[in-house]
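The structure presented is a predicted model; accordingly, all values stated were derived computationally and were not measured.
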Amino acid sequence: MLLYVAAFVGLFYLVRWYRERQVVSHLQDKYVFITGCDSGFRNLLARQLDVRGLRVLAACLTEEGAEQLRKQTSARLQTVILDVTQTESIAAATQWVKECVGDRGLWGLVNNASTSLRTAPNEWLNKQDFMNILSVNLLGVIEVTLSLLSLVRKAQGRVLNVSSVMGRVSLFGGGYCISKHGVEAFSDSLRRELSYFGVKVAIIEPGFFKTNVTSSERLMSSFKKAWDQSSSEVKEIYGEKFLETCLKSLKVMEQKCNPDLSVVTDCMEHALTACHPRTRYSAGWDAKLLYLPLSYLPTFLVDALVYLVFPKPAQAL
């Protein structure tokens with residue numbers, strides 16, 4: 001019996017391997033629009049797809065980021081300035097994309113603009129702290145997608161939404177985990193709706209990689225600001241030792257982050273160029289071996305693990 005099971009599993013992975021190696025034809029004629037190309041995954045992806053021969057439309061937040069990217073790529077790559085939190089900016093970028101792609105439509109839309117500031121215990125934050133993250137990571141993704149959806153449908157193309165392992169397991173407070181859970185839900189509903197039109201939707205769920213999102217310097221500065229804005233009562237409940245321990249943990253976290261961003265961009269490239277892309281891509285061994293299994297554990301077990309591992313407030317029971 002075990003032999004039959006092993007044979008079935010082996011056959012399944014062999015067929016999947018074969019299907020995933022099939023590549024879409026005429027890639028040089030296909031347009032891909034990527035948000036947040038100033039740095040990180042999106043910057044590397046823009047350069048990677050340009051080398052592959054696709055027509056990359058790279059959206060950057062700053063002209064400086066756009067200029068640097070143009071210097072590193074071929075004449076095929078075009079840039080536009082985009083702030084995903086501003087409706088007017090999204091409308092202007094959408095019109096620009098329409099003019100670029102013409103009747104061909106948009107083969108790929110990669111929503112990758114992201115921020116993690118400010119991240120701290122929920123009680124240290126206010127509504128605006130949550131909104132600052134949600135407006136980029138979730139509401140920006142939704143508005144950009146809705147604005148360009150007709151072009152993607154025309155090309156029967158792909159939508160790639162970059163989530164996170166924190167979209168599966170919420171291990172800290174603030175808007176980041178909330179936004180990534182929202183991206184997961186939006187992507188699931190979008191995938192089912194667009195399947196009727198030949199459009200595929202994929203979710204990229206990276207583990208911890210060295211980017212601006214995981215920069216300990218930026219996170220520590222934001223964490224301290226959240227502490228400073230907290231009430232005296234909250235500071236007394238949590239205590240200075242809790243603050244110091246958390247700041248040290250942020251430094252350690254960055255040191256453990258994977259510096260090889262191509263692990264993530266290779267997943268993105270596959271989702272855009274394979275005939276049979278996956279629905280979800282877990283990028284990084286920490287995502288595959290830790291956070292993904294953690295997301296399937298009973299809630300009380302995850303809560304117990306978090307309680308054991310994470311620092312305790314001064315007045316914890």
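- With hydrogens and angles disregarded, no donor-acceptor distance shorter than 3.5 Å links the side chain of Ser221 to the backbone of Glu217.
- With hydrogens and angles disregarded, a donor-acceptor distance shorter than 3.5 Å links the side chain of Asp50 to the backbone of Ser74.
- Summarising the hydrophobic clusters (Ile, Leu, Val, Met, Phe, Trp, Tyr; side-chain heavy atoms under 4.5 Å, direct or chained), the residues clustered with Trp285 are Leu289.
- Using modelled atom types and a 3.5 Å distance limit, the side chains of Ser39 and Asn212 yield a donor-acceptor pair.
- Here the straight-line distance linking atom CD of Glu143 with atom CG of Leu139 works out to 8.5 Å at 0.5 Å rounding.
- Residues Glu63 and Arg70 are paired through a salt bridge, judged by an N-O separation under 4.0 Å between the basic side chain and the carboxylate.
- With 3.5 Å as the limit, one finds a donor-acceptor pair spanning the side chains of Ser179 and Asn137.
- Judged by distance alone, the side chain of His181 and the main-chain N or O of Gly167 form a donor-acceptor pair under 3.5 Å.
- Of the possible donor and acceptor atoms, none in the side chain of Asn258 sits under 3.5 Å from a partner among the backbone N and O of Gly284.
- Taking CG of Leu250 as the reference point, atom OG1 of Thr214 lies at 10.5 Å (rounded to 0.5 Å).
- Put simply, the side chain of Trp107 never gets that close to the backbone of Leu27: no donor and acceptor are under 3.5 Å apart.
- Heavy atoms from other residues, nucleotides or ligands lying under 6.0 Å from CD of Gln72 number more than 12.
- The closest side-chain heavy-atom distance from Leu305 to Leu294 is below 4.5 Å.
- When the shell of 6.0 Å around CD of Glu233 is examined, it contains 12 or fewer heavy atoms from other residues, nucleotides or ligands.
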Run Phe223 and Trp124 through ring pair (Phe, Tyr, Trp, His ring centres under 6.0 Å) and show every step you take.
CA-CA 9 Å; Phe223 202 86; Trp124 298 13; 5.0 Å; yes
Determine whether Phe310 and Phe242 satisfy the following criterion, ring pair (Phe, Tyr, Trp, His ring centres under 6.0 Å), listing intermediate values before the conclusion.
CA-CA 10 Å; Phe310 280 59; Phe242 178 89; 9.5 Å; no
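- Each of Leu61 and Val144 belongs to its own hydrophobic cluster when Ile, Leu, Val, Met, Phe, Trp and Tyr are linked at side-chain heavy-atom distances under 4.5 angstrom.
- Within 6.0 Å of atom CZ in Arg76, more than 12 heavy atoms from other residues, nucleotides or ligands are found, so the atom counts as buried in its surroundings.
- With hydrogens and angles disregarded, no donor-acceptor distance shorter than 3.5 Å links the side chain of Ser262 to the backbone of Thr265.
- No donor-acceptor distance shorter than 3.5 angstrom exists from the side chain of Tyr291 to the backbone of Lys288, with no hydrogens or angles considered.
- Scored by the salt bridge (charged side-chain N to carboxylate O under 4.0 Å, His left out) test, Glu184 finds Arg280 as partners (sequence neighbours excluded).
- A side-chain donor from one of Asp129 and Gln229 sits under 3.5 Å from a side-chain acceptor of the other.
- Atoms OG1 and CD, from Thr245 and Glu240 in turn, are 11.0 Å apart once rounded to the nearest 0.5 Å.
- When atom types are taken as modelled, the side chain of Arg42 and the backbone of Asn112 share a donor-acceptor pair closer than 3.5 angstrom.
- With Ser147 contributing its side chain and Thr94 its backbone, the two residues share no donor-acceptor pair below 3.5 Å.
- Glu123 and Ser230 share no donor-acceptor pair across their side chains, judged by distance under 3.5 Å alone.
- Under the 4.0 Å criterion applied to side-chain N and carboxylate O atoms, Lys225 and Asp228 are not assigned as salt-bridge partners.
- Atom CD of Glu254 sits about 13.5 Å away from atom OG of Ser249, to the nearest 0.5 Å.
- Grouping Ile, Leu, Val, Met, Phe, Trp and Tyr by side-chain contacts under 4.5 Å, direct or through others, leaves Tyr307 on its own.
- Put simply, CG on Leu243 and CE on Met220 are 9.0 Å apart, with the number rounded to the nearest 0.5 Å.
- The number of heavy-atom neighbours closer than 6.0 Å to CD of Glu64, taken from other residues, nucleotides and ligands shown, is 12 or below.
- Counted by atom type alone, Gln48 and Asp266 present one or more donor-acceptor pairs between their side chains at under 3.5 Å.
- One finds the SG atom of Cys100 at 5.0 Å from the CG atom of Leu57 (value rounded to the nearest 0.5 Å).
- Ile204 and Ile34 end up in the same hydrophobic cluster when Ile, Leu, Val, Met, Phe, Trp and Tyr side chains are linked at under 4.5 Å.
- For Lys224, the NZ atom is loosely surrounded, since the number of other residues' heavy atoms within 6.0 Å does not exceed 12.
- Within the 3.5 Å criterion, the main-chain N or O of Gly174 finds a donor-acceptor partner in the side chain of Asn122.
- Around NZ of Lys312, the count of heavy atoms belonging to other residues, nucleotides or ligands within 6.0 Å exceeds 12.
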